[in-house]
Asks: 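One structure coming up, written as structure tokens, with questions to follow.
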Amino acid sequence: MKIGELSRRSGVSVRMLRYYESEGLIAPARRASGYRDYDVEDVRIVLAIRTLNEAGLKLDFIRRFLPCLRSEGPILHPCPDLMAAMEQQMQALDDRIGKYRESRKMLGGYYEEMLSHS
DNA sequence: ATTCTAACA
DNA sequence: TGTTAGTA
């Protein structure tokens, strides 16, 4: 299928689809016309990329686990390597959340103090 | 009408 | 990312 159809079937803009290719996430074949030629499996791969990206994973991170997004079954099927990486990512998020909570707590404390003196 | 590349407000 | 230009 051509890029326009993949765009409609995945909900990802044509612009983004080309961007994904430039970032090495998808490698569509080319027709004699020069048009990109995607296969039906690409719909699922693009959907998986969107899912992971919206979950906060950067594209260069996702790029390393493309093999995990290619097999059959659900968009996100069990994949040891990817799951291990996701655990680390979640831990990193938890660390950041903890630091944000501290900042929020400190700021709130200073604010209340200023409020009590006004 | 659709796609392509490159580049811009 | 969107959008636009000039093509094929």
Side-chain angles (χ1 to χ4, degrees):
Chain A
M1 68 181 92
K2 294 201 297 292
I3 198 169
E5 187 180 342
L6 176 59
S7 177
R8 291 193 302 278
R9 305 215 298 192
S10 65
V12 176
S13 69
V14 168
R15 176 78 165 76
M16 268 292 102
L17 253 19
R18 296 197 182 110
Y19 178 62
Y20 284 168
E21 179 179 10
S22 73
E23 293 302 291
L25 281 75
I26 45 181
R30 291 285 182 148
R31 298 186 176 185
S33 60
Y35 289 7
R36 271 163 269 249
D37 193 15
Y38 301 87
D39 43 52
V40 289
E41 295 87 276
D42 290 328
V43 177
R44 320 206 59 200
I45 294 176
V46 170
L47 252 29
I49 291 174
R50 292 296 317 125
T51 299
L52 262 24
N53 192 211
E54 285 171 10
L57 301 184
K58 295 179 179 178
L59 297 185
D60 62 316
F61 178 98
I62 298 173
R63 178 158 44 70
R64 308 189 202 116
F65 304 97
L66 293 178
C68 297
L69 311 180
R70 282 176 180 131
S71 69
E72 299 291 315
I75 299 296
L76 293 180
H77 62 285
C79 181
D81 292 337
L82 177 56
M83 290 182 78
M86 287 169 77
E87 284 178 36
Q88 290 179 46
Q89 184 67 26
M90 289 188 279
Q91 181 57 58
L93 287 173
D94 288 336
D95 291 344
R96 286 166 54 188
I97 290 172
K99 290 181 179 178
Y100 276 130
R101 284 216 168 100
E102 288 181 45
S103 296
R104 173 56 228 260
K105 181 181 176 183
M106 276 187 249
L107 199 56
Y110 294 136
Y111 182 83
E112 291 305 324
E113 188 179 320
M114 292 175 85
L115 193 62
S116 66
H117 287 301
S118 63

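Order of the sequence lines sets the chain letters (A, B, ...), proteins ahead of strands, with each chain counted from 1. Both backbone and side-chain heavy atoms feed into the values below; hydrogens, waters and symmetry mates do not.
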Asks: Specify the separation, in whole Å, of atom OH of A/Tyr19 and atom P of C/dT3.
Replies: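 To the nearest whole Å, that distance equals 18 Å.
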Asks: Between C1' on C/dT1 and OH on A/Tyr20, what's the gap in Å once rounded to a whole number?
Replies: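 My rounded result for the distance is 11 Å.
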Asks: Begin from the C-alpha positions of A/Met1 and A/Arg9 and carry the test side chain to side chain contact (heavy atoms under 4.5 Å, CB included) through to its verdict.
Replies: CA-CA 10 Å; A/Met1 68 181 92; A/Arg9 305 215 298 192; 2.9 Å; yes
Asks: Say whether, by atom type as modelled, one donor and one acceptor occur between the side chain of A/Ser10 and the main chain of A/Leu6 under 3.5 angstrom.
Replies: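 Between the backbone of A/Leu6 and the side chain of A/Ser10 there is a qualifying donor-acceptor contact (under 3.5 Å).
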Asks: Going only through I, L, V, M, F, W and Y residues with side-chain contacts under 4.5 Å, is there a path from A/Val12 to A/Tyr35?
Replies: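 Looking at the clustering, A/Tyr35 is in a separate group from A/Val12.
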Asks: Would a single hydrophobic cluster contain both A/Ile49 and A/Ile75, if residues Ile, Leu, Val, Met, Phe, Trp and Tyr are joined by side-chain heavy-atom contacts under 4.5 Å?
Replies: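 Linked, A/Ile75 and A/Ile49 end up in one cluster.
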Asks: Measure CZ/A/Arg31 against P/B/dT2 and give the value in whole Å, please.
Replies: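 Rounded to the whole Å, the gap is 14 Å.
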Asks: Checking A/Arg63 side chain against A/Glu23 main chain: does a donor-acceptor pair fall under 3.5 Å?
Replies: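 Checking the backbone N and O of A/Glu23 against the side chain of A/Arg63, a donor-acceptor pair under 3.5 Å is found.
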Asks: State the dot-bracket string of DNA chain B. Criteria: Watson-Crick or G-U wobble, both atom distances under 3.5 angstrom; notation: ( ) intrastrand, [ ] crossing earlier pairs, | interstrand, . unpaired.
Replies: .|.|||||.
Asks: In this structure, how many angstroms lie between the C1' atom of B/dT2 and the CG atom of A/Leu6, rounded?
Replies: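 In whole Å, B/dT2 C1' and A/Leu6 CG are 15 Å from each other.
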Asks: For nucleotides 4-9 of chain B, read 5' to 3', which letter fits each nucleotide if B means a protein heavy atom sits under 4.0 Å from the base, S means only the sugar-phosphate is that close, and - means neither?
Replies: BB-B--
Asks: Kindly compute the distance separating CD1 (A/Ile26) from CG (A/Leu17), expressed to the nearest 0.5 Å.
Replies: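 Atom-to-atom, A/Ile26:CD1 and A/Leu17:CG are 5.0 Å apart.
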Asks: Report the distance from atom CG of A/Leu17 to atom P of C/dT1, rounded to the nearest whole Å.
Replies: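 About 11 Å, once rounded to whole Å.
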Asks: Same cluster or not: A/Val40 versus A/Val46, using hydrophobic residues (I, L, V, M, F, W, Y) connected whenever any side-chain heavy atoms lie under 4.5 Å apart?
Replies: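 Both belong to a single hydrophobic cluster.
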Asks: I'd like to know whether A/Leu59 forms a side chain to side chain contact (heavy atoms under 4.5 Å, CB included) with A/Tyr20, so could you lay out the CA-CA distance, the side-chain angles of the two residues, the decisive distance to 0.1 Å, and finally the verdict.
Replies: CA-CA 8 Å; A/Leu59 297 185; A/Tyr20 284 168; 3.9 Å; yes
